[in-house]
There are 4 protein chains.
Amino acid sequence: MAGSYFSDLLSTIAERGRSLLGLDTPADAARQASGLVGLCEQLLSGRGEASGVALAREVLDRFATLDAVARLGFFTALAERFGPDRERLDRAVTAWREHHDERRAADLHFGSEPRRQELLRRLNRAPGGTAALVAMREALLADARGNPALQEIDRDFLHLLASWFNRGFLVLERIDWSSPALVLEKIIRYEAVHEIHDWDDLRRRIDPVDRRCYAFFHPALVAEPLIFVEVALTTAIPVAIQPLLAADRDPVAPQAARTAVFYSISNCQQGLAGVSFGNFLIKQVAEELRRELPKLETFVTLSPVPGLMRWLHEVVQPALGADDRALLAALDEPRWIEDAELAQRIRRLVEPRTAQYFLESRDDKGRALDPVARFHLGNGARLERINWLGDQSAKALAQSAGVMVNYLYDLAEIERNHEAYANQGDVVAAAQVRKLLRAVPRKKTGAQPA
Amino acid sequence: MAGSYFSDLLSTIAERGRSLLGLDTPADAARQASGLVGLCEQLLSGRGEASGVALAREVLDRFATLDAVARLGFFTALAERFGPDRERLDRAVTAWREHHDERRAADLHFGSEPRRQELLRRLNRAPGGTAALVAMREALLADARGNPALQEIDRDFLHLLASWFNRGFLVLERIDWSSPALVLEKIIRYEAVHEIHDWDDLRRRIDPVDRRCYAFFHPALVAEPLIFVEVALTTAIPVAIQPLLAADRDPVAPQAARTAVFYSISNCQQGLAGVSFGNFLIKQVAEELRRELPKLETFVTLSPVPGLMRWLHEVVQPALGADDRALLAALDEPRWIEDAELAQRIRRLVEPRTAQYFLESRDDKGRALDPVARFHLGNGARLERINWLGDQSAKALAQSAGVMVNYLYDLAEIERNHEAYANQGDVVAAAQVRKLLRAVPRKKTGAQPA
Amino acid sequence: MAGSYFSDLLSTIAERGRSLLGLDTPADAARQASGLVGLCEQLLSGRGEASGVALAREVLDRFATLDAVARLGFFTALAERFGPDRERLDRAVTAWREHHDERRAADLHFGSEPRRQELLRRLNRAPGGTAALVAMREALLADARGNPALQEIDRDFLHLLASWFNRGFLVLERIDWSSPALVLEKIIRYEAVHEIHDWDDLRRRIDPVDRRCYAFFHPALVAEPLIFVEVALTTAIPVAIQPLLAADRDPVAPQAARTAVFYSISNCQQGLAGVSFGNFLIKQVAEELRRELPKLETFVTLSPVPGLMRWLHEVVQPALGADDRALLAALDEPRWIEDAELAQRIRRLVEPRTAQYFLESRDDKGRALDPVARFHLGNGARLERINWLGDQSAKALAQSAGVMVNYLYDLAEIERNHEAYANQGDVVAAAQVRKLLRAVPRKKTGAQPA
Amino acid sequence: MAGSYFSDLLSTIAERGRSLLGLDTPADAARQASGLVGLCEQLLSGRGEASGVALAREVLDRFATLDAVARLGFFTALAERFGPDRERLDRAVTAWREHHDERRAADLHFGSEPRRQELLRRLNRAPGGTAALVAMREALLADARGNPALQEIDRDFLHLLASWFNRGFLVLERIDWSSPALVLEKIIRYEAVHEIHDWDDLRRRIDPVDRRCYAFFHPALVAEPLIFVEVALTTAIPVAIQPLLAADRDPVAPQAARTAVFYSISNCQQGLAGVSFGNFLIKQVAEELRRELPKLETFVTLSPVPGLMRWLHEVVQPALGADDRALLAALDEPRWIEDAELAQRIRRLVEPRTAQYFLESRDDKGRALDPVARFHLGNGARLERINWLGDQSAKALAQSAGVMVNYLYDLAEIERNHEAYANQGDVVAAAQVRKLLRAVPRKKTGAQPA
């Protein structure tokens, strides 16, 4: 209510300012696109703070009406015409070369700031400005693929958004069945790991006594979660996702729960790609849960392994013998799980390799190959367990032969784990995971993948 | 409630993190000051996101315990050891000299960023971090007087705070008798123009039906107004402050009011000096009042003239004849206002000069001499009227011989006014003000002050 | 949040009290039913305010576990054992017969109060007590059908609930897409006029700019609407429901709307049957809408006519000629509306009779026959228009041959209309409705139904 | 905000209704007083629900303007003209005499209800109705002193208010420095035990970490506490009030506190006299504190003894010897406490008698003589300790020779204590209190007071 009132008010201010400026309503988007650059120059030149907020709103409104061509034109202008003030930059470079002192270093820094940074800051003053800039960046990221000039201006967007969405400005909120429908529909929409099919399905995720959902919000993005995590309270570390999400399961009494399972984490805003929230979210939620339920002992994920099959095919398969190749090929037919004997043979092949995938394979920067692993290991989690057939959905069978894993967050260990991983690339794993490695037929394959 | 709960929670997280770090409670502030720099380096080197929030809180807590010497030492280290990464900077400068393209310009910009900017961003992640940084800057500004090295690092503080306190992140709230005492006591404390003596006095300012008070808040500074304005609803433009604040006056029915008088604007946070809020506040409050009371026609201030007496003494007096000098000297004795005949003679001397003070005198940057005038004229207001004996308080008699003025905010004119003032230094004033100039004895003095 | 916290707290208090009382958890519902009466006696005898809240909660908890037989036993005990204190009553009657003064009249009133009234008041002290009593009455109403003794005790329930749910204690709230899912699911469940099929359907009812939904809440029934009304903003008075609810319609800009259509009003709490909210709701919502949208001129319903077909069959049909009887019989086959010629003939028969149904037919208390008509006419509305085929749903065809009507709420007329109806049984109707009467073949039928 | 908006809205509705009724603004209060009765009759006769809310508001507004004479006239009319419907009552009495069944008993009850009860219920429907009725009863209580007819109608007020302010409808809220000034000023005003002198004093009561204040609110009385209690967290049971309230004391860390001291309980609404809240408040606050601070072990009061001196003078003094009489007389001179030797002799006289005052003296209903004792003993508290010179204020010296006492709330004992007191009039007291009795010179005085 208050929020809506406030934004109404700001709109009125902008409306008034717009009429002061003699701006009429958008008609020909393409023609206006060129006019947009002129408005941006006005905004920067400060044609009066008086109309600043209105000008900013006008720029954002017009941007929203641009077609694809005009939008690209606008971004290109941002790249070409709103870089640093070259004269000022040259003066600063010259001065720096004469005196390497702190003041001239700072002059260099502030003097080389692209003018679009100040432009973005002024646009942000408009009512709804922050949301509009996040949307603008989403469009920019799409346009910037394969366009280095636009990638350049994204550095400015990312720099400012990362500063504005600093963790100190975020607010953690619990999402439950008393949350506004407006927010809940976004949970349905943004869930990226285990699809939420409808409102009944949503309710099963957030309403039972043994379920929790938390999201980070930013005060300037009303009713828009930035990232959220879904948590199941359980008695023990779960080995599979389907029982966890079953419609007919019996809920666990929260006081009886000893384990909190983070089974889904989803980023919501494509326009904030590259601004990292997940690590902060997991740790704060763990603390919140511990406060509410002091008997919780274990904080763990139940996570997918999205890169496993690809790695098996690309890296492992070439070194396999014919029998094993055939087994691997059998995975392409999802009904292999119905054949118990076949499934057992596949398991004997794949499970040890999964351990190897996590423990020994690295990309060229020395990081874990699996993107989900990179996230949790980077946070200081430990690879706790590999769960054969943890997810029997078609998607999971295709991605990871149905394998899921648990990452364990032990607050007393996360810093040590993080440093081992960050400095030496060591993946800290439980003994039961490391033990699986023994079954990797080193001699037979003669290969040490990646 | 929620706020308090939230900050409790964050404290708990930080507390836990602290114990993970093996940090003990502060004992010897001076010794720790040196340790503080080490903690800052840890925070920057990212000894694990795991402990990032806790480390940040630790730095801020320790900073708060430093004595003056240790604090200066810390600021000096910020200046000397947290400038840009010189190697990276040199590479960027070299690259720029070879290729003047946008990418290298950007590399130069990001490569020359002082490391303390990232340090401040990471400190901001801590619970209560923003408030702590605003307090840190308040201390810095005090220490930086006459210390150019510290002024240098203030550029980074100001840059980040201005970005974080962007108008788009501010929330306007009405302050009234149902506001929390926690906030109201700050209104009493921060009121800078017409002192609020006690809670009864405060109530007279915010509770009657013809009074309004609005403040900007930032979501990260709970219960801390950034700036506030006090407004009186009246039937006509007021000529004096005492009747407006009288304890026994009859309130005006809001529906009968035609004028909104901004009679006091106070900035609250010394640590945000240089971040400008007033212009936005006045204009948004004007819009809000217009929405609530569509019959309001006039938005005007009743403002002090803090620089008048000094200018009279320093600039005008030397050129005066003996009689006028004596009159000016009589102003030093506050009881002159009780002598009607004397007061009338003084008025004939001072009133025209006041018009001259506003309309003709400028500082070396071409700006109005009076600081309050600079603010309102810069916002696009018009000098509407000079009010002889508008404020009979001892402070006002000393500052301005009791003169007050009205600045008029006419939304249809503010942009034109602003540009006239910003571009040509023209002060737009009502005819009744300009007419006073005629009585300035140009020939007699032969002087055109300033 | 606060609510939940509060009720948690109260539960804790009750829990503690319960253990003080040595009460164990329910085991054998039937045996406990008899024990329940004993607990009620304890509660009334005041075995210590100390345990009052706990005792009350215990009674309510045990009641909730009773099976049908035990529940009936409990209600019977309420009827037989918790009537007035006979001794006190006799004294009061005797005293009254001796002195007919105000004091003895009052003694008679308070002395004849059934003890169950005080019992209900004490039960209400428990956390969640009000909700539990509303549920208890719902069960009572079911059991009381055909059971005069139980109907007797319902007088006490209704008396207290009507007093507690006095309009002065109700809170009007707007329901929209930012309302909690917890509340919204109840809107879906309780909608009694035009079914809401799912969440998408719900959204179409409350989210578009030209739709409004308001409900009354009581502070003691958290997240439980008592009654709600759905409103469509339109340019003109609508003649049919299906276009109003169409999924693909274009919304009307609120500023362009001139008419507010109350097209669905639903009571939510069966346990509050007989406590009247609808009249207050309609009038307050009309005022709220007028405040928000001053251009609204017309407040009107689009209402079903649930009793029409039955009346046609029972009252009109016997007096019809063979042809008309055949036409009436044709209504039993819903596909008559697809035969334009038949439909036209049916219309000529039914439409005038519909006017007659409203304008001339009365029940034995002189009230309109139609229950929906009774409600709106009693509120002072005017019968504005009869809409042939206003609702083509199977239900409406069966109930009213698809006829809908508009009742108009003209605030300047409602009191006059109300009195005409209440005192003389006159139904105030628009000329276009009265005109239809002319086509009723008075001579032919020779009948003036009911 | 919401509340204010809501009441604005209701006022608008009432305003409109009023104009529909052709009611003009009050002019001659006396003449209108008679008109008021007519309006009440209209309201009861139901001249249309349409205008019901407006009529109710009109009655309440006019009542508020009555002068003392007119008000008394109005109350008298309430007594004489709004009793039960005599005809209906007679029929019910006759029917009852013929058949002593439950239905006729109920007819008797409902048929003897004074018409003013329904009048009050209808008045309550108006916006602000509940607050107006509470104020009306406050006026009634003042007028009813010595006027039995008015005392009669107060039974109806009290009956309805007790039902509407049922504990199940109350909301407990903590009062602290973030509470609205609007509420806080009422805490200052209503504090009845240890005066709060100003806002600084208030802050010392509610803001330190070892202080708590809780109040009950009713949803229909916005910003109006009904009763509040001030609590000090301490390490041990306190013996005196001045150290507890000292401006310069060091606060106790809440985690170190073992005792919660209820040192002041104040009822706020004179119009709710006779509706009991204190018992519920103390017990709920005790539970809330126990939840927040599980280490709290002791819940105790520090209470005045308002009736002691009067009892000493009226009951004890006549039986004293000359020396003791002189000592008792010395108490009239407050400076006796400065004379250590005198004070010691007085103590030897008064302290044992204080124990006797509590343990042995009873009023004619068998209750403790002291009103504060009656309240806490009735709640089930135990008399824990007598504190000589616990309060050295002039008021306390005059009332109780400076004696204070502690009542202990032991949740495991309160029910037993309550029953002992309620059934046998036994005051449960700690051994240290009972021991004081030994020093009462039974033989010498030969008197067993009261």
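So that the names make sense, note that chain A is the first sequence line, chain B the second, and so on, each numbered from 1.
- Looking at D107(D), the atoms closer than 4.5 Å to chain C (heavy atoms on both sides) sit in the backbone and in the side chain alike.
- Taking 4.5 Å as the limit, every side-chain heavy atom of R121(D) sits out of range of all side-chain heavy atoms of R167(C).
- Neither the backbone nor the side chain of L123(C) comes within contact range of chain D; no heavy atom of the residue lies under 4.5 Å from a heavy atom of that chain.
- Here the CG atom belonging to L89(C) is positioned 7.0 Å from the NE2 atom belonging to H100(D), to the nearest 0.5 angstrom.
- Chosen from Q117(C), R97(C), R416(C), the residue pairing most often with chain D at heavy-atom distances under 4.5 Å is R97(C).
- No side-chain heavy atom of E102(D) sits under 4.5 Å from any side-chain heavy atom of P114(C).
- For chain C, the nearby parts of L108(D) are the backbone and the side chain; heavy atoms of each come within less than 4.5 Å.
- D101(D) touches chain C through its backbone: at least one of N, CA, C or O sits under 4.5 Å from a heavy atom, while the side chain does not.
- A heavy-atom distance below 4.5 Å is not found between the side chains of H109(C) and F110(D).
- With sequence neighbours excluded, the residues that form a side-chain contact (heavy atoms from CB on, under 4.5 Å) with E80(D) are T76(D).
- With a threshold of 4.5 angstrom between heavy atoms, E173(D) does not approach chain C through any atom at all.
- Shown here are the side-chain contact (heavy atoms from CB on, under 4.5 Å) partners of A220(C), two or more places apart in sequence or in another chain: T130(C), H218(C), F169(D).
- In this structure, W164(D) contributes its side chain and S163(C) its backbone to a donor-acceptor pair below 3.5 Å.
- Atoms CD and OG, on E113(C) and S112(D) in that order, are 10.0 Å from each other to the nearest 0.5 Å.
- For chain C, the nearby part of R86(D) is the side chain; its heavy atoms alone come within less than 4.5 Å.
- Top candidate by heavy-atom pairs under 4.5 Å with chain C, chosen from G129(D), A106(D), G111(D), A422(D), is A106(D).
- Annotation: E87(D), atom CD; neighbour count of heavy atoms from other residues, nucleotides and ligands within 6.0 Å does not exceed 12.
- When heavy atoms are compared at a cutoff of 4.5 Å, A79(D) approaches chain C solely by way of its backbone atoms N, CA, C and O.
- Considering only heavy-atom pairs separated by less than 4.5 Å from chain D, the leading option among N124(C), N423(C), D156(C) is N124(C).
- Using non-hydrogen atoms only and a strict 4.5 Å limit, the part of residues 147-155 of chain C facing chain D consists of E152(C), R155(C).
- For A215(C), the side-chain contact (heavy atoms from CB on, under 4.5 Å) criterion is met by I175(C), F217(C), P225(C), F228(C), not counting sequence neighbours.
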